[in-house]
Colleague: 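The structure follows.
Per chain, numbering begins at 1; letters A, B, ... match sequence-line order.
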Amino acid sequence: MITPRTLKGFRDYLPEAMIPRERLMQTARETFRSFGFAPIDTPALEYLEVLSGKGSDETDRQLYRFTDNGGRDVGMRFDLTVPLARFAAQHIAQLQTPFKRYHIAPVWRGENTQAGRYREFVQCDFDTIGTESVLADIEMVVVINALMSAIGLERFTIRINNRQVLSGLLEHLGLESHTVAILRSLDKLPKIGREKTAEEMVQAAGVTAEQADAVLELAQCTGSTDEVLAALERIADGNPTAATGIARLREIVTGAIAGGVPAERLQLDVSIARGLDYYTGVIVETFLDDLPSIGSVCSGGRYDNLAGLFTKQHLPGIGASLGLDRLLTALQQLELLPQVATPAPVMIALFDEQHRNDYLQMAYQLRRGGLGVELYSEPKKLGAQLKYAAEKGFDVAIVAGSDEWATGKVQVKDLKRKIAITTAYRHDAPGELIATINRVLEGAQLADEY
RNA sequence: GUGGGUGUAGCUCAGUUGGUUAGAGCGUCGGAUUGUGGUUCCGAAUGUCGAGGGUUCGAGUCCCUUCAUCCACCCCA
């Protein structure tokens, strides 16, 4: 016998897990499409050189790679952004710019697992390429807010930074060459605190204590966006790069607010750096206020030359990625996921098998009326059937025995509120029953959000 | 990749210094209740103690290896 098992970091999804998962994907799709992003897909496998070209040592280490049966060196994509760069370089002639696409698909990273971190997980990316307009930057923030709201979340914070602000300061301090090491240290600031971060910067990045202090002062500006912007201007001291970056941040924040994002969800935070070095402008991370420890659930930013490896054409872009599996882990920990094992809301009890064809006819009529309906398949005791319906998460059970069929009425049981409604029903006039069920479902939906 | 915790019934866990046939609660199934579900009562089933090897008269318990999972570092969705 072969032991049935799954690989480390790879998972099976039972209906209870898959139902909210599909719902989340559907919400993401609808949100992206409502902004005009169009779907694309790319292969899971790419030539190794395509994936490792831009990658750092870290991504190289996490890359699943092998030689295929034709002797080609191939790798499994570890994000959707590098495939997009290849895709754009390859097809740009047939695409109009700005090109807006969304891409919902699994990616693979051979790293160590943890809660909300898997080796196979789904990302929901949306990007706009071919424009440097600040409107695209603003739209990214607006989409993130719309997406999180559509999922049913209210308590989240979108942290915004602009690489140019820090670059400007580093330029001002004469530290451009240490940028990567400084960013790496800076990323630890929330975890290890200011003093240790300063120590590490001095040690790992080889800067002076004064320089480290200036960087940290910049990174620790807090308060309202106006306050932070004013403080940044003071510290950057007229450096042109930083000034450009700060002006851009101001435009993004005011634009996002005009675009419907509540101001309190936006927080300027110069300390967020993102490990990926391909970001060149604005950077965002999205944290759940009630579960910040899970990390960012939606991150992105501007990259002004991602396709440079694949084409001479200048292709600036901006976009972000929702971590579907991480978000689902978070929603589960916050107990915001319904425990439902059925995708259909209505179950018809097989109460009296003599009327089997009536039940089939009724199910047909209800489905034609737009309702998801399961007809119970065994003539078990009614109590057992109702128990099955309640535990599987159906909202409505239809009960009709010989008495009901004789009088032209059926019982609509509201399983969530435990009440029964008697409604007239005939196969050639199902309208009243459908209306009754819909009334119950509207109530049920209110009490049954994510 | 490095370091640490955990792994016993479907789930949450107990299992005393190694000692006969491995337990509890919840859940499941059957019945009380042959036309009405989340309560109550009665009854029942269920484990190669993650896997493999070793020490021992004897291992769920000790040792080694391995797999999975969680935590920290690293990195990130």
Side-chain angles (χ1 to χ4, degrees), chain A residues 1-12 14 16 24 28 55-63 78-81 104-125 144 183-185 187-188 191-192 200 204 272-277 279 284-288 293-300 320-330 333 339 347 349-352 355 376 379-394 396-406 410-420 422:
Chain A
M1 288 284 253
I2 298 161
T3 308
R5 54 187 186 149
T6 48
L7 282 164
K8 177 186 177 73
F10 289 72
R11 301 167 300 158
D12 287 328
L14 273 60
E16 292 86 330
L24 218 55
S56 57
D57 296 350
E58 187 59 31
T59 51
D60 253 28
R61 214 180 64 193
Q62 296 184 356
L63 197 61
F78 61 89
D79 71 8
L80 301 177
T81 308
I104 299 175
V107 302
W108 297 271
R109 295 182 193 174
E111 65 172 338
N112 255 346
T113 53
Q114 237 169 71
R117 300 176 62 157
Y118 309 100
R119 290 187 165 183
E120 177 182 60
F121 59 96
V122 167
Q123 290 195 320
C124 308
D125 273 38
I144 291 174
L183 284 178
R184 194 156 293 156
S185 304
D187 230 16
K188 298 177 187 167
K191 271 186 188 165
I192 64 178
E200 164 145 348
I272 63 160
R274 304 275 69 227
L276 299 170
D277 352 312
Y279 290 119
V284 300
E285 299 199 335
T286 311
F287 290 88
L288 300 177
S293 62
I294 198 100
S296 171
V297 294
C298 187
S299 309
S321 176
L322 177 76
L324 185 93
D325 291 284
R326 176 173 291 185
L327 182 58
L328 278 166
T329 304
Q333 284 184 21
Q339 291 294 307
M347 192 195 89
L350 186 63
F351 191 7
D352 181 351
H355 287 279
Y376 197 79
K380 281 202 190 174
K381 287 197 310 183
L382 188 57
Q385 295 191 35
L386 289 171
K387 193 176 179 190
Y388 168 91
E391 289 181 359
K392 209 145 183 189
F394 285 92
V396 171
I398 308 293
V399 174
S402 47
D403 293 357
E404 281 83 357
W405 290 116
V410 300
Q411 274 184 56
V412 176
K413 292 184 85 77
D414 180 338
L415 294 166
K416 297 278 149 67
R417 286 188 213 73
K418 295 181 232 174
I419 53 175
T422 302

Colleague: Any donor-acceptor pair under 3.5 Å joining the side chain of Gln385(A) to the base of U36(B)?
Modeller: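 Not at all, since no donor on one side and acceptor on the other fall under 3.5 Å apart.
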Colleague: Measure the shortest side-chain to side-chain distance between Asp414(A) and Val412(A) over non-hydrogen atoms and say whether it is less than 4.5 angstrom.
Modeller: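 No, their side chains stay 4.5 Å or more apart.
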Colleague: Taking A24(B) as the reference, what is the distance to C62(B) when you measure between their P atoms (whole Å, please)?
Modeller: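 Straight-line distance between the two P atoms is 23 Å.
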Colleague: Partners of Asp325(A) by salt bridge (Lys or Arg N to Asp or Glu O under 4.0 Å), sequence neighbours excluded?
Modeller: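 Partners of Asp325(A) under the salt bridge (Lys or Arg N to Asp or Glu O under 4.0 Å) test: Arg11(A), Arg21(A).
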Colleague: For Gln411(A) versus Ala420(A), what's the shortest heavy-atom pair and its separation?
Modeller: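 For Gln411(A) and Ala420(A), the tightest heavy-atom pair comes out as OE1-CB, 3.9 Å.
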Colleague: Considering non-hydrogen atoms only, spot the tightest contact between Gly110(A) and Arg119(A) and give its length.
Modeller: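 Looking at all heavy atoms of both residues, the closest pair is C-NE, 4.0 Å.
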Colleague: Taking atom P of C75(B) as reference, at what distance in whole Å does atom CD of Glu285(A) sit?
Modeller: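 Going from Glu285(A) (CD) to C75(B) (P), I get 13 Å.
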Colleague: Please measure how far the C1' atom in C75(B) lies from the corresponding atom in G37(B), and state the result in whole Å.
Modeller: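 Nearest-Å result for C75(B) against G37(B) at atom C1': 49 Å.
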Colleague: Any base atoms under 4.0 Å from Asp403(A), or only sugar-phosphate, or nothing? Heavy atoms, all strands.
Modeller: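 Contact class for Asp403(A): base.
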Colleague: If we take the P atom in both G27(B) and U69(B), what is their distance in whole Å?
Modeller: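 Here G27(B) and U69(B) have their P atoms 29 Å from each other.
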Colleague: Counting any heavy atom closer than 4.0 Å, what does Ala115(A) reach on the DNA or RNA strands: base, sugar-phosphate only, or nothing?
Modeller: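 Result for Ala115(A) = sugar-phosphate.
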Colleague: How many whole angstroms separate atom CG of Leu14(A) from atom P of G10(B)?
Modeller: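 In whole Å, G10(B) P lies 14 Å from Leu14(A) CG.
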Colleague: Could you work out the separation of G47(B) and G53(B) based on their C1' atoms and round it to a whole Å?
Modeller: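 22 Å, rounded to whole Å.
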Colleague: What pair of heavy atoms forms the shortest contact from Thr113(A) to Lys8(A), and how long is it?
Modeller: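 Between these two residues, the closest heavy atoms are OG1-NZ, 3.9 Å.
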Colleague: For Glu404(A) and Leu7(A), take the nucleotide of RNA chain B holding the closest heavy atom to each; which residue's nucleotide lies nearer the 5' end?
Modeller: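 Its nucleotide being nearer the 5' end, the pick is Glu404(A).
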Colleague: Name the residue closer to the 5' end of RNA chain B, choosing between Phe10(A) and Ala384(A) according to the nucleotide with the nearest heavy atom.
Modeller: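 Mapping each residue to its closest nucleotide by heavy atoms, the 5'-most match is Ala384(A).
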Colleague: For C29(B) and A9(B), measure between their C1' atoms and round to the nearest Å.
Modeller: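 Per the computed distance, 14 Å lies between those C1' atoms.
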Colleague: Could you list the residues that satisfy side chain to side chain contact (heavy atoms under 4.5 Å, CB included) with Leu7(A), not counting sequence neighbours?
Modeller: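 Applying side chain to side chain contact (heavy atoms under 4.5 Å, CB included) to Leu7(A) gives Phe10(A).
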Colleague: Looking only at heavy atoms, which two atoms of Leu382(A) and Ala349(A) are closest? And how far apart?
Modeller: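 For Leu382(A) and Ala349(A), the tightest heavy-atom pair comes out as CD1-CB, 3.8 Å.
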Colleague: Using atom CZ of Phe121(A) as one end and atom P of C75(B) as the other, report the distance to the nearest whole Å.
Modeller: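 Rounded to whole Å, this separation is 16 Å.
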Colleague: In whole Å, what separates the P atom of G60(B) from that of A51(B)?
Modeller: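 G60(B) and A51(B) have their P atoms separated by 11 Å.
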Colleague: Expressed as a whole number of angstroms, how long is the span from Asp352(A):CG to U34(B):C1'?
Modeller: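 Taking atom C1' of U34(B) as the reference, CG of Asp352(A) is at 13 Å.
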Colleague: Expressed as a whole number of angstroms, how long is the span from Lys413(A):NZ to G37(B):P?
Modeller: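 Distance, rounded to whole Å: 7 Å.
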Colleague: What do you reckon, do Phe351(A) and the base of G35(B) stack, with centroid distance below 5.5 Å and planes below 30°?
Modeller: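 No, Phe351(A) does not stack on the base of G35(B), since the centre distance and plane angle fail the 5.5 Å and 30° test.
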Colleague: Quick one: side chain to side chain donor-acceptor pair (under 3.5 Å) partners of Trp405(A), sequence neighbours excluded?
Modeller: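 Here no residue qualifies.
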Colleague: For a 4.5 angstrom cut-off between non-hydrogen side-chain atoms, does Leu327(A) reach Leu288(A)?
Modeller: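 Yes; the side chains approach each other to less than 4.5 Å.
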Colleague: Tell me if the side-chain of Arg109(A) makes a donor-acceptor pair with the base of C76(B), cut-off 3.5 Å, by modelled atom types.
Modeller: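 For Arg109(A), whose side chain was compared with the base of C76(B), there is no donor-acceptor pair (under 3.5 Å).
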Colleague: For the residue pair Ala320(A) and Ile144(A), what are the closest heavy atoms and their distance?
Modeller: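 For Ala320(A) versus Ile144(A), the nearest heavy atoms are CB-CD1, 4.1 Å.
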Colleague: Scan Gly110(A) against the nucleic acid and name what it touches under 4.0 Å (heavy atoms): base, sugar-phosphate only, or nothing.
Modeller: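 Nothing, no nucleic acid heavy atom in range.
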Colleague: Who are the side chain to side chain donor-acceptor pair (under 3.5 Å) partners of Glu120(A), not counting sequence neighbours?
Modeller: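 Testing Glu120(A) for side chain to side chain donor-acceptor pair (under 3.5 Å), a comparison that skips the adjacent residues, returns Trp108(A).
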Colleague: Residues two or more places apart in sequence or in another chain: which of them pass side chain to side chain contact (heavy atoms under 4.5 Å, CB included) with Ala115(A)?
Modeller: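 Per chain and number, Ala115(A) pairs via side chain to side chain contact (heavy atoms under 4.5 Å, CB included) with Gln333(A).
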Colleague: Write down the distance separating the P atoms in G18(B) and C71(B), rounded off to the nearest Å.
Modeller: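 Taking atom P in both G18(B) and C71(B), they lie 32 Å apart.
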Colleague: How many Å lie between CZ on Arg117(A) and C1' on U69(B), as a whole number?
Modeller: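 Arg117(A) atom CZ is separated from U69(B) atom C1' by 15 Å.
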Colleague: Apply ring pair (Phe, Tyr, Trp, His ring centres under 6.0 Å) to Phe121(A) and list each qualifying residue two or more places apart in sequence or on a separate chain.
Modeller: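 With sequence neighbours excluded, Phe121(A) shows a ring pair (Phe, Tyr, Trp, His ring centres under 6.0 Å) to no residue whatsoever.
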Colleague: What's the closest nucleotide to the Leu386(A) side chain, out of G37(B), C70(B), A77(B)?
Modeller: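 Of the options given, the side chain of Leu386(A) lies nearest G37(B).
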Colleague: Looking at every non-hydrogen atom in both residues, tell me the closest pair between Val399(A) and Phe351(A) and how far apart they are.
Modeller: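 Where Val399(A) meets Phe351(A) most closely, the heavy atoms are CG1-CD2, 3.8 Å.
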Colleague: Sticking with atom P, work out how far U40(B) lies from A45(B), rounded to a whole angstrom.
Modeller: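 My reading of the P atoms in U40(B) and A45(B) gives 22 Å.
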Colleague: When we call it a touch if two heavy atoms are under 4.0 Å apart, what does Tyr118(A) touch: a base, just sugar-phosphate, or nothing?
Modeller: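 Base: the residue Tyr118(A), judged by heavy atoms under 4.0 Å, touches a nucleobase.
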Colleague: Which is true for Gly383(A) with a 4.0 Å heavy-atom rule: it touches a base, it touches only sugar-phosphate, or it touches nothing?
Modeller: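 Sugar-phosphate contact only - Gly383(A) comes under 4.0 Å of backbone atoms but never of a base.
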Colleague: Is there a side-chain contact between Gln114(A) and the phosphate of A72(B), meaning an N or O under 4.0 Å from OP1 or OP2?
Modeller: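 So the side chain of Gln114(A) is within the cut-off, an N or O lying under 4.0 Å from OP1 or OP2 of A72(B).
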Colleague: Do any N or O atoms of the protein come closer than 3.5 Å to N or O atoms of nucleotides 1-7 of chain B, and which pairs are they?
Modeller:
residue, atom, partner, partner atom, Å
G1(B), N7, Asn112(A), ND2, 3.4
G1(B), O6, Asn112(A), ND2, 3.4
U2(B), O4, Asn112(A), ND2, 2.9

Colleague: Can you measure Phe78(A) atom CZ to A77(B) atom C1' for me and round it to whole angstrom units?
Modeller: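 Taking atom C1' of A77(B) as the reference, CZ of Phe78(A) is at 13 Å.
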Colleague: Over all strands shown, is Leu415(A) touching base, sugar-phosphate only, or nothing at heavy-atom distances under 4.0 angstrom?
Modeller: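 Here Leu415(A) touches the bases of the nucleic acid.
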Colleague: Under the rule for side chain to side chain contact (heavy atoms under 4.5 Å, CB included), what residues qualify as partners of Phe287(A), not counting sequence neighbours?
Modeller: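 Result, side chain to side chain contact (heavy atoms under 4.5 Å, CB included) vs Phe287(A): Arg159(A), Glu285(A), Ser296(A).
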Colleague: Output the rounded distance in Å from CD1 (Ile294(A)) to P (A72(B)).
Modeller: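 Between P of A72(B) and CD1 of Ile294(A): 10 Å.
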Colleague: Identify which nucleotide among U69(B), A77(B), G35(B) has an atom closest to any side-chain atom of Ser296(A), counting heavy atoms from C-beta outward.
Modeller: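 Out of U69(B), A77(B), G35(B), the nucleotide with an atom closest to Ser296(A)'s side chain is A77(B).
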Colleague: Can you list the stems that RNA chain B is part of, where a stem is at least 3 pairs in a row, each Watson-Crick or G-U, with both distances below 3.5 Å?
Modeller: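 Result, WC/G-U stems under 3.5 Å: B:1-7 with B:67-73, B:10-13 with B:23-26, B:28-32 with B:40-44, B:50-54 with B:62-66.
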Colleague: Write out a two-atom table: protein N or O, nucleotide N or O from nucleotides 27-29 of chain B, distance below 3.5 Å.
Modeller:
residue, atom, partner, partner atom, Å
U28(B), OP1, Glu391(A), OE1, 3.3

Colleague: For Arg117(A), give me all partners under side chain to side chain donor-acceptor pair (under 3.5 Å), at least two apart in sequence or on another chain.
Modeller: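 So Arg117(A) forms a side chain to side chain donor-acceptor pair (under 3.5 Å) with Glu111(A).
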Colleague: Taking only N/O atoms, report every protein-nucleotides 46-51 of chain B pair under 3.5 Å with atom names and distance.
Modeller:
none

Colleague: Taking Asp79(A)'s backbone N and O only, do any of them form a donor-acceptor pair with Gln123(A)'s side chain (distance below 3.5 Å, no angle check)?
Modeller: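 Flag not set: sc Gln123(A) to bb Asp79(A) has no pair under 3.5 Å.
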